[in-house]
Amino acid sequence: MNSEAIFGQILKSIRKKQKVSQEELAFRSNLDRTYISMLERGIHQPTLNSLLAIATALGMKAAELVGLVEDELNNLKPNN
């Protein structure tokens with residue numbers, strides 16, 4: 001699994017836990033709903049500005065969001 005797909009899964013999970021629709025997240029972050037959808041499906045990766053806007057809209061720091069992606073990527077690495 002690549003980082004875009006992992007980011008998308010994490011974004012969707014956080015959004016759903018907060019009971020926020022894609023449309024509401026798009027509104028809060030001043031982004032398009034279809035862009036949020038493409039991020040969640042792993043089709044696109046966020047720009048730095050988008051990442052900051054999404055994190056703020058979700059009430060978290062961008063570093064926290066990236067950290068969750070990093071943790072998941074590290075969990076996927078084979079143990080040597």
Side-chain angles (χ1 to χ4, degrees):
M1 187 175 291
N2 63 26
S3 59
E4 290 89 352
I6 291 170
F7 176 83
Q9 287 180 346
I10 290 169
L11 175 60
K12 185 175 183 176
S13 173
I14 293 168
R15 178 181 62 76
K16 287 190 167 205
K17 282 180 188 172
Q18 293 187 12
K19 298 181 178 166
V20 175
S21 67
Q22 286 182 346
E23 189 172 341
E24 178 63 22
L25 179 57
F27 176 77
R28 290 181 189 179
S29 58
N30 199 30
L31 298 168
D32 193 86
R33 187 207 55 82
T34 56
Y35 180 67
I36 300 294
S37 174
M38 288 187 282
L39 290 175
E40 289 187 357
R41 290 182 286 144
I43 295 171
H44 283 296
Q45 57 184 336
T47 64
L48 180 57
N49 286 338
S50 297
L51 179 64
L52 292 167
I54 290 167
T56 300
L58 293 171
M60 57 193 310
K61 293 183 180 275
E64 291 175 272
L65 194 49
V66 172
L68 292 171
V69 174
E70 284 180 319
D71 290 345
E72 188 62 30
L73 283 170
N74 288 332
N75 288 337
L76 294 176
K77 287 183 183 176
N79 293 331
N80 291 329

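- A side-chain N or O of D32 and one of T34 form a donor-acceptor pair less than 3.5 Å apart.
- Summarising the geometry, atom CD belonging to E4 is positioned 10.5 Å from atom CZ belonging to F7; distances are rounded to the nearest 0.5 Å.
- Cluster annotation: L31 and M38 are assigned to distinct hydrophobic clusters (Ile/Leu/Val/Met/Phe/Trp/Tyr, side-chain heavy-atom contacts under 4.5 Å, transitive).
- What you find for Q45 and L39 is that their closest heavy atoms are C-CD2, 3.7 Å.
- At distances below 3.5 Å, at least one donor-acceptor pair connects side-chain atoms of E64 with backbone N or O atoms of K61.
- Taken to the nearest 0.5 Å, the CD1 atom of I6 stands 4.0 Å off from the CG atom of L73.
- Atom CD of Q18 has more than 12 neighbouring heavy atoms from other residues, nucleotides or ligands inside a 6.0 Å radius.
- Across P46 and Y35, no two heavy atoms sit closer than the pair CA-OH, 3.3 Å.
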Test log, rule side chain to side chain contact (heavy atoms under 4.5 Å, CB included), inputs E40 and R15:
CA-CA 10 Å; E40 289 187 357; R15 178 181 62 76; 2.5 Å; yes
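- The side-chain heavy atoms of Q9 and E72, taken from C-beta on, include no pair separated by under 4.5 Å.
- Cluster annotation: V69 and M1 are assigned to the same hydrophobic cluster (Ile/Leu/Val/Met/Phe/Trp/Tyr, side-chain heavy-atom contacts under 4.5 Å, transitive).
- Here S21 contributes atom OG and K16 contributes atom NZ; the two are 11.0 Å apart, rounded to the nearest 0.5 Å.
- The nearest pair of heavy atoms linking L25 to V20 is N-CG1, 3.6 Å.
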Step by step, work out the side chain to side chain contact (heavy atoms under 4.5 Å, CB included) result for L68 and M60.
CA-CA 12 Å; L68 292 171; M60 57 193 310; 4.2 Å; yes
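- Taking CG of L11 as the start and CG of L58 as the end, the distance is 6.5 Å to the nearest 0.5 Å.
- A donor-acceptor pair is defined here as one N or O able to donate and one able to accept, closer than 3.5 Å; such a pair exists between the side chain of T56 and the backbone of L52.
- Between the CG atom of N30 and the CD1 atom of I54 there is a distance of 11.5 Å, given to the nearest 0.5 Å.
- With rounding to the nearest 0.5 angstrom, the CG atom of L65 is 5.0 Å from the CD1 atom of I14.
- Residues E23 and R33 approach most closely at N-CG, 3.8 Å, considering heavy atoms.
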